[in-house]
There are 2 protein chains.
Amino acid sequence: MTITEVSEKYGISVDTLRYYEKAGIIPRVTRNKSGIRNYQEEDLQWVQLAIWMRRAGLPIDALAKYVKLNLAGEDTLPQRVELLKTQRLDLERQRQEIGEAMTILDRKIQKYEERLKNNT
Amino acid sequence: MTITEVSEKYGISVDTLRYYEKAGIIPRVTRNKSGIRNYQEEDLQWVQLAIWMRRAGLPIDALAKYVKLNLAGEDTLPQRVELLKTQRLDLERQRQEIGEAMTILDRKIQKYEERLKNNT
DNA sequence: TGTTGACATGGAGTACACTTCAGGGATTAC
DNA sequence: GTAATCCCTGAAGTGTACTCCATGTCAACA
């Protein structure tokens with residue numbers, strides 16, 4: 001699969017795909033002899049993971065660290081778990097804060113709509 | 001209330017407080033004759049709102065627009081509601097994406113822990 | 001009256017995550 | 001064979017949200 005095809009499949013720019021690779025949140029993608037990327041199933045799984053995690057807001061450097069641990073072999077299993085758990089906690093906290101903000105927005109919206117109704 | 005006191009009360013730097021004001025997500029704070037900020041109850045409410053919304057990830061420019069509409073008077077009620085609803089939708093979507101990422105993280109963590117158990 | 005310390009402003013600097021660009025190969029279409 | 005198209009890399013540029021800095025004012029205290 002070419003980089004353009006991957007780009008279209010996941011709705012992400014080719015520049016971003018190359019950037020993700022350079023940043024280390026996707027391991028080096030399989031290439032042909034002339035150096036052109038040819039994404040294999042495994043590459044695509046990394047792409048997918050990177051995109052999901054970035055959409056949720058996980059920082060590049062945490063993801064890069066995770067990828068590096070993966071490439072470093074089986075000894076790094078405990079560190080990988082710890083890293084994932086830390087990131088999970090951050091997501092949990094962020095979700096909480098979004099929930100609180102939504103409650104406040106809802107209250108404001110409701111008040112405004114009451115005022116609008118009474119003003120007709 | 002001085003800017004330092006507000007900073008301590010909300011756990012945010014004085015630089016950020018001044019920046020928020022300059023960026024327009026807090027209306028111009030009450031000052032004494034020599035130009036020093038003296039936060040009143042109303043100012044504090046704006047500060048609180050700005051901090052909550054920023055923590056949830058609402059962009060500066062959306063908040064600035066909301067503040068501007070507020071200062072522009074009663075005619076802007078419908079636009080304010082619309083703006084708040086748009087931002088609410090964005091938060092909803094973001095919360096959704098965080099939820100999905102958490103599910104994936106959970107699956108990975110679980111797999112790792114099984115592998116770790118079988119490796120002892 | 002001189003020094004200290006909190007606060008002011010405008011502007012430069014930083015961190016993060018892309019995004020764009022310049023300059024070059026390799027393939028394909030004619 | 002050459003023009004068009006797709007891809008490559010390294011480096012510079014951009015947008016967002018702060019964060020830091022130089023310089024200056026002002027009130028209070030020794």
Side-chain angles (χ1 to χ4, degrees), chain A residues 1-40 43-44 46-47 49-67 87 90-91 94 97-98 101, chain B residues 1-40 43-44 46-47 49-67 87 90-91 94 97-98 101:
Chain A
M1 219 175 178
T2 71
I3 195 168
T4 303
E5 285 163 352
V6 175
S7 158
E8 280 158 5
K9 179 173 164 78
Y10 294 107
I12 183 181
S13 79
V14 296
D15 289 304
T16 300
L17 280 169
R18 283 193 278 248
Y19 167 69
Y20 280 179
E21 195 178 333
K22 195 184 327 193
I25 76 173
I26 295 170
R28 185 176 171 78
V29 171
T30 318
R31 281 144 212 258
N32 67 19
K33 45 263 161 204
S34 48
I36 289 180
R37 288 172 185 79
N38 182 6
Y39 288 78
Q40 306 302 311
D43 298 318
L44 293 182
W46 280 112
V47 169
L49 183 68
I51 292 172
W52 273 332
M53 294 302 132
R54 283 297 303 130
R55 290 223 169 112
L58 290 222
I60 296 276
D61 65 349
L63 292 172
K65 200 171 167 191
Y66 176 70
V67 170
Q87 296 307 315
D90 281 4
L91 287 187
Q94 183 61 17
E97 281 174 352
I98 289 174
Chain B
M1 219 172 178
T2 71
I3 195 168
T4 304
E5 285 163 352
V6 175
S7 156
E8 280 159 3
K9 179 174 166 79
Y10 294 107
I12 182 181
S13 79
V14 297
D15 286 307
T16 300
L17 279 169
R18 283 194 277 248
Y19 166 70
Y20 279 0
E21 196 179 333
K22 198 185 324 195
I25 76 172
I26 295 170
R28 185 175 170 81
V29 170
T30 317
R31 281 142 211 257
N32 67 18
K33 44 264 160 205
S34 46
I36 290 180
R37 289 174 184 79
N38 182 7
Y39 289 78
Q40 306 302 308
D43 298 318
L44 294 182
W46 280 112
V47 169
L49 181 67
I51 292 171
W52 272 333
M53 295 302 131
R54 284 297 304 130
R55 290 221 170 113
L58 289 223
I60 297 276
D61 64 350
L63 292 172
K65 198 171 167 194
Y66 176 70
V67 170
Q87 296 307 313
D90 281 4
L91 288 186
Q94 184 61 17
E97 280 173 352
I98 289 175

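Hydrogens, waters and symmetry mates play no part in the numbers below; they use all other heavy atoms, side chains included. Convention: sequence-line order gives letters A, B, ...; per-chain numbering from 1.
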**Message:** For a quick test of reading the model: is some side-chain N or O of A/R31 closer than 4.0 Å to OP1 or OP2 of D/dT9?
**Reply:** yes
**Atom pair distance, as rounded to whole Å: CG in A/L63 and C1' in C/dC18** = 15 Å
**Request:** Take atom CG of B/L17 and atom P of C/dA8, then tell me their distance rounded to the nearest Å.
**Result:** 10 Å
**Request:** Please report the shortest heavy-atom distance between A/L63 and A/A50, naming the atom on each side.
**Result:** CD1-O, 4.4 Å
**Asked** Tell me: CZ of A/R37 to C1' of D/dC6, nearest whole Å?
**Response** 13 Å
**Asked** How many angstroms lie between atom OG1 of B/T2 and atom NZ of B/K9, to the nearest 0.5 angstrom?
**Response** 12.5 Å
**N or O in side chain of B/T2 less than 4.0 angstrom from C/dC7 OP1/OP2** = yes
**Asked** Would A/Q94 and B/Q94 count as a side chain to side chain contact (heavy atoms under 4.5 Å, CB included) if you check the C-alpha gap in whole Å, the side-chain angles of each, and the deciding distance to 0.1 Å?
**Response** CA-CA 10 Å; A/Q94 183 61 17; B/Q94 184 61 17; 5.7 Å; no
**Complete:** Per the under-4.0 Å heavy-atom filter, residues of residues 5-12 of chain B near DNA chain D come out as none
**Prompt:** Quick one: does B/N38's side chain have a donor or acceptor within less than 3.5 Å of a partner on B/R31's backbone?
**Reply:** no
**Sub-4.5 Å side-chain heavy-atom contact between A/M53 and A/Q87** = no
**Message:** Would you say A/R18 places a side-chain N or O within less than 4.0 Å of OP1 or OP2 belonging to D/dT9?
**Reply:** no
**Request:** Determine whether A/Y66 and A/L58 make a side-chain contact, defined as any pair of heavy atoms from C-beta on separated by less than 4.5 Å.
**Result:** no
**Message:** Is there a side-chain contact between A/Y20 and the phosphate of C/dC18, meaning an N or O under 4.0 Å from OP1 or OP2?
**Reply:** yes
**Item:** Flag side-chain contact, heavy atom, 4.5 Å: B/V6 against B/L44
**Value:** yes
**Asked** So do B/Y20 and B/V47 actually touch side chain to side chain, heavy atoms under 4.5 Å?
**Response** no
**Prompt:** Do B/I25 and B/R54 come close enough that some side-chain heavy atom pair is under 4.5 Å?
**Reply:** yes
**Item:** Between C/dG25 (P) and A/N32 (CG): distance, integer Å
**Value:** 17 Å
**Item:** Contact check, side chains of B/D43 and B/I26, non-hydrogen atoms, under 4.5 Å
**Value:** no
Show each protein N/O and nucleotides 19-23 of chain C N/O combination with a separation under 3.5 Å, one pair to a line.
unit_1, atom_1, unit_2, atom_2, d
C/dT19, OP2, A/T16, OG1, 3.1

**Item:** Student check: side-chain heavy atoms of A/Y19 and A/I60 closer than 4.5 Å
**Value:** yes
**Asked** Rounded to the nearest Å, what distance is computed from the CD1 atom of residue A/I26 to the P atom of nucleotide C/dA17?
**Response** 14 Å
**Item:** Nearest-nucleotide pick for A/K22, side chain only, options being D/dC7, D/dA11, C/dT9
**Value:** D/dA11
**Asked** Can you check the A/I25 CD1 to C/dC16 C1' distance for me, whole Å?
**Response** 12 Å
**Request:** Ignoring the backbone of A/R54, work out which of C/dA8, C/dC18, D/dC7 is nearest its side chain.
**Result:** C/dC18
**Prompt:** Do any N or O atoms from the side chain of B/T30 and from the backbone of B/Y39 form a donor-acceptor pair under 3.5 angstrom?
**Reply:** no
Below 3.5 Å is the cut-off: list the nitrogen or oxygen pairs between protein and nucleotides 26-29 of chain D, distance only.
none

**Asked** Within this structure, what is the CG-to-P distance between B/D61 and D/dA17, rounded to whole angstrom?
**Response** 7 Å
